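Notes follow the structure.
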Amino acid sequence: MTAHHANDQAETVLMKLIRGNYIASLSGIDVERNFYQGHLVRPLLNFDKPSIKQFAIDNQITWFEDATNKDLDVQRNRFRNVILPLMQQENKNAVEHIGQFTSELSDLKNTNEFLLRQNLNIISDDEGNITISKFLLYPNYVQKSLIAYLIFFS
């Protein structure tokens with residue numbers, strides 16, 4: 001279990017967007033995933049840092065702030081301390097909206113993978129070989145997605 005929160009999610013998505021990542025990776029930090037021989041869970045992703053900090057203060061839980069979080073030589077810290085606060089000046093709900101975006105994108109990604117798997121079954125023979133004549137019936141954007149799925153997810 002980790003303490004990643006909504007602000008971490010927003011920072012991650014923005015950094016990936018700036019780096020030019022694929023759409024699939026823009027869904028950000030997964031709430032849960034397999035991790036080595038176990039399972040990693042991030043139960044605080046829907047809560048922003050100020051709310052978590054206030055909860056800790058209200059409940060007399062010691063709050064630790066890593067001093068390196070202020071070091072602007074680190075890209076994440078520039079997003080944390082400069083870019084995201086500027087976005088929140090434009091819209092105080094920016095962190096929440098980025099979280100909603102990542103959730104919707106994750107659902108779209110999962111839907112897309114489900115539909116790609118179904119279509120691969122349609123265009124494959126009994127031995128799992130793709131029938132080119134069936135593959136070519138799909139529009140180019142679906143063909144590209146099917147190829148990418150075969151490369152990255154099979």
Side-chain angles (χ1 to χ4, degrees), residues 1-52 66 68-154:
M1 193 176 292
T2 72
H4 288 107
H5 47 73
N7 294 66
D8 294 321
Q9 180 74 288
E11 295 160 9
T12 299
V13 170
L14 292 172
M15 286 189 309
K16 287 182 173 190
L17 185 62
I18 296 302
R19 289 180 189 149
N21 282 64
Y22 294 103
I23 287 177
S25 71
L26 289 178
S27 58
I29 303 169
D30 292 328
V31 174
E32 56 183 286
R33 69 179 183 94
N34 292 330
F35 189 74
Y36 291 101
Q37 295 178 343
H39 197 72
L40 180 62
V41 181
R42 298 178 179 101
L44 301 178
L45 278 179
N46 291 325
F47 301 95
D48 66 15
K49 183 177 180 177
S51 298
I52 296 169
D66 183 348
T68 64
N69 283 347
K70 299 290 184 197
D71 179 2
L72 295 181
D73 289 335
V74 178
Q75 182 186 50
R76 178 173 291 278
N77 292 342
R78 290 191 300 276
F79 277 85
R80 175 176 291 142
N81 296 305
V82 179
I83 296 170
L84 201 51
L86 284 172
M87 293 176 75
Q88 289 174 301
Q89 285 178 12
E90 294 297 321
N91 182 339
K92 66 180 177 145
N93 297 316
V95 169
E96 178 185 347
H97 292 169
I98 293 169
Q100 291 168 347
F101 168 79
T102 62
S103 179
E104 289 178 23
L105 191 56
S106 180
D107 287 346
L108 284 172
K109 182 179 95 171
N110 291 334
T111 298
N112 190 51
E113 288 175 14
F114 174 80
L115 294 173
L116 287 170
R117 275 193 308 275
Q118 284 187 328
N119 281 286
L120 279 174
N121 289 334
I122 292 169
I123 64 172
S124 299
D125 62 21
D126 292 338
E127 296 172 6
N129 299 312
I130 293 176
T131 306
I132 296 298
S133 59
K134 291 180 182 178
F135 174 80
L136 293 174
L137 293 174
Y138 288 100
N140 286 343
Y141 57 89
V142 175
Q143 291 175 14
K144 288 192 313 189
S145 293
L146 285 166
I147 291 169
Y149 183 81
L150 285 168
I151 292 170
F152 296 111
F153 298 106
S154 303

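Predicted, not measured: the structure shown is a model, and the values here were computed from it.
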Open item on the list: I'd like to know if the side chain of Gln88 and the backbone of Ala94 have a donor-acceptor N/O pair within less than 3.5 Å.
Closed with: no
- [ ] Could you tell me whether the side chain of Phe114 reaches within less than 4.5 Å of the side chain of Gln118, counting heavy atoms only?
- [x] yes
Open item on the list: Can a donor-acceptor pair be found, under 3.5 Å and without considering hydrogens, that links the side chain of Asp48 to the backbone of Ser51?
Closed with: yes
Task: pair Thr102-Thr12: side-chain heavy atoms closer than 4.5 Å - done: no
Open item on the list: To check you understand the geometry: which heavy-atom pair defines the closest contact between Arg42 and Asp30, and what is its length?
Closed with: NH1-O, 2.7 Å
Open item on the list: Donor-acceptor check, side chain of Asp8 to backbone of His5, threshold 3.5 angstrom: yes or no?
Closed with: yes
Task: Whether Asn93 side chain and His97 backbone form a donor-acceptor pair below 3.5 Å - done: no
Open item on the list: Would the distance check show the side chain of Arg78 and the main-chain N or O of Ile83 forming a donor-acceptor pair, the cut-off being under 3.5 Å?
Closed with: no
Open item on the list: With heavy-atom distances below 4.5 Å as the criterion, would you say the side chains of Pro50 and Asn7 are in contact?
Closed with: yes
Open item on the list: Would the distance check show the side chain of Asn77 and the main-chain N or O of Thr68 forming a donor-acceptor pair, the cut-off being under 3.5 Å?
Closed with: yes
Open item on the list: For a 4.5 angstrom cut-off between non-hydrogen side-chain atoms, does Arg19 reach Gln75?
Closed with: yes
Open item on the list: Which heavy atom of Ala10 sits nearest to which heavy atom of Leu84, and what is that distance?
Closed with: CB-CD2, 3.9 Å
- [ ] Could you tell me whether the side chain of Gln143 reaches within less than 4.5 Å of the side chain of Leu136, counting heavy atoms only?
- [x] yes
